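Here is the structure we will look at.
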Amino acid sequence: MVLHDLLTQSVPIHALNNVWNKSIWVDVLRIDTIHPIISGNKLFKLSHYVSDAIAKGFDTITTFGGAYSNHIVATACACHLAGIKSVGLIRGEQPDTLSPTLQEAVSFGMQLQFVSRDMYRNKAAIMQQTELADCYWIAEGGYGHLGSLGAASILTIADTLNYTHIMAACGTGTMLAGIIQAALPHQQVIGISVLKGHTGLETDIRYLLPDASQEKRFSILQDFHFGGYAKHPQQLISFMQELWQQHQLPTDIVYTSKLLFAAKTLCEQDFFEPSSKILLIHSGGLQGNRSLPQGVLPFL
Ligand SMILES: *Cc1c(COP(=O)(O)O)cnc(C)c1O
């Protein structure tokens with residue numbers, strides 16, 4: 001299996017029909033099904049960075065992330081599939097036992113270096129460390145133009161022309177910027193911010209759009225972060241259990257559960273015009289649920 005094969009796999013659409021509002025149709029694009037661990041948007045976001053690194057003759061890619069980071073494990077996997085070395089700079093002291101995410105990253109050949117939380121704030125200083133200065137660097141979370149270019153192909157892996165709205169969860173906003181670029185003029189793109197008070201998000205997204213006319217195609221909703229990044233109160237866990245029991249739809253605690261909750265709330269509040277067709281991007285990230293104690297969720 002090479003990187004390109006993963007990115008061109010066919011991806012199912014899971015119909016939720018009109019569950020939350022009788023005049024609104026909701027479908028879920030399951031890019032989480034591409035791979036059980038590296039599922040989802042990160043592979044799309046990384047694909048152009050990896051080919052750029054190889055084209056420019058680098059032999060190592062380095063990036064940043066936390067102990068349960070989807071981005072870290074996806075970078076490790078993408079580099080493994082592309083035959084290039086990877087280094088992960090991990091926030092915090094080295095633990096006695098590596099998290100499942102970091103074990104997986106190591107199994108893909110990633111070399112880990114732990115960085116104290118203080119140091120981690122000063123990424124520029126870390127990047128100048130002599131032994132790392134010659135690596136190809138990918139920003140934390142994969143933010144950047146090449147990332148959004150990769151994410152733009154998320155809309156081409158299925159027939160997405162007939163949707164009036166496309167919704168996705170946002171961390172850095174890179175995926176959303178790609179989706180906005182690939183969306184058609186009649187489609188509205190709605191981003192659900194999972195960070196609390198992430199007021200710079202819209203500016204960060206606009207910076208990645210090549211064409212100012214695309215700015216009208218998107219909006220960001222800030223009220224569905226459930227307390228902040230990786231915060232998962234019982235209300236969110238209960239909603240995830242309900243989605244699984246009623247629809248066999250697995251979601252993750254950081255991103256996709258908040259997206260689905262937002263979609264349900266907006267449908268119930270008549271936010272959309274009648275006859276709207278909504279496409280929710282299931283961006284993956286299920287591996288992050290391994291930070292929960294076993295048994296909390298009835299799926300991974
Ligand atoms: C990283 C991630 C996102 C957010 O992507 P950005 O491009 O940083 O906005 C959304 N969903 C999942 C599952 C992710 O892993």
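This one's a predicted model, so the numbers in the text were calculated from it and none came from an experiment. Side chains are part of it too, since the values below use all heavy atoms of this structure and drop only hydrogens, waters and symmetry mates. For reference, positions follow the sequence shown, starting with 1.
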For this session: Give a yes or no on whether Gln248 atom CD has more than 12 heavy-atom contacts from other residues, nucleotides or ligands under 6.0 Å away.
Result: yes
Seminar exercise, completed: Correct closest heavy-atom pair for Ala78 and Leu43 would be CB-CD2, 4.1 Å
Problem set entry | Partner of Cys170 by side-chain contact (heavy atoms from CB on, under 4.5 Å), out of Leu259, Asp204, Val194, Ile220 | Ile220
For this session: Kindly indicate, with the supporting measurements, whether the criterion ring pair (Phe, Tyr, Trp, His ring centres under 6.0 Å) is fulfilled by Trp137 and Phe64.
Result: CA-CA 9 Å; Trp137 287 86; Phe64 297 94; 5.5 Å; yes
For this session: Would you check if there is a donor-acceptor pair between the side chains of Ser238 and Gln234 at a distance under 3.5 Å?
Result: yes
Exercise. Closest heavy-atom contact between Asn70 and Gly285?
Worked result: ND2-CA, 3.4 Å
For this session: Among Thr33, Asp27, Asp32, find the residue that satisfies the side chain to side chain donor-acceptor pair (under 3.5 Å) test when tested with Arg30.
Result: Asp32
Donor-acceptor pairs under 3.5 angstrom involving side-chain atoms of residues 225-232: please list them, not counting sequence neighbours.
unit_1, atom_1, unit_2, atom_2, d
His225, ND1, Gly227, N, 2.9
His225, ND1, Gly228, N, 3.3
Tyr229, OH, Tyr255, OH, 3.2

Exercise. If you count the non-hydrogen atoms of other residues, nucleotides and ligands that lie under 6.0 Å from OH in Tyr207, is the total more than 12?
Worked result: no
Problem set entry | Close side-chain approach of Ile90 to Leu102, heavy-atom, < 4.5 Å | yes
Exercise. Is the backbone N or O of Asp252 less than 3.5 Å from a side-chain atom of Ser257, with the two atoms forming a donor-acceptor pair by type?
Worked result: yes
Exercise. Is there a path of hydrophobic side-chain contacts, each under 4.5 Å between heavy atoms of I, L, V, M, F, W or Y residues, that connects Ile179 with Leu146?
Worked result: yes
For this session: Provide the closest heavy-atom pair for Pro210 versus Gln214 in the form atom of the first, atom of the second, distance.
Result: CD-OE1, 3.5 Å
Exercise. Does the side chain of Lys42 come within less than 4.5 Å of Thr75's, by heavy atoms?
Worked result: no
Exercise. Considering the options Leu176, Ile192, Leu260, which one meets the side-chain contact (heavy atoms from CB on, under 4.5 Å) requirement together with Met167?
Worked result: Ile192
Exercise. Is the number of heavy atoms from other residues, nucleotides or ligands within 6.0 Å of NZ (Lys85) greater than 12?
Worked result: no
Exercise. Under 3.5 Å, is there a donor-acceptor pair between the side chain of His80 and the main chain of Ala105?
Worked result: no
For this session: Please tell me if the side chains of Gln181 and Ser148 come closer than 4.5 Å, counting only heavy atoms from C-beta onward.
Result: yes
Exercise. Is there a donor-acceptor contact under 3.5 Å from the side chain of Ser47 to the main chain of Gly150?
Worked result: no
Problem set entry | Gln287 and Thr101, any side-chain heavy atoms less than 4.5 Å apart | yes
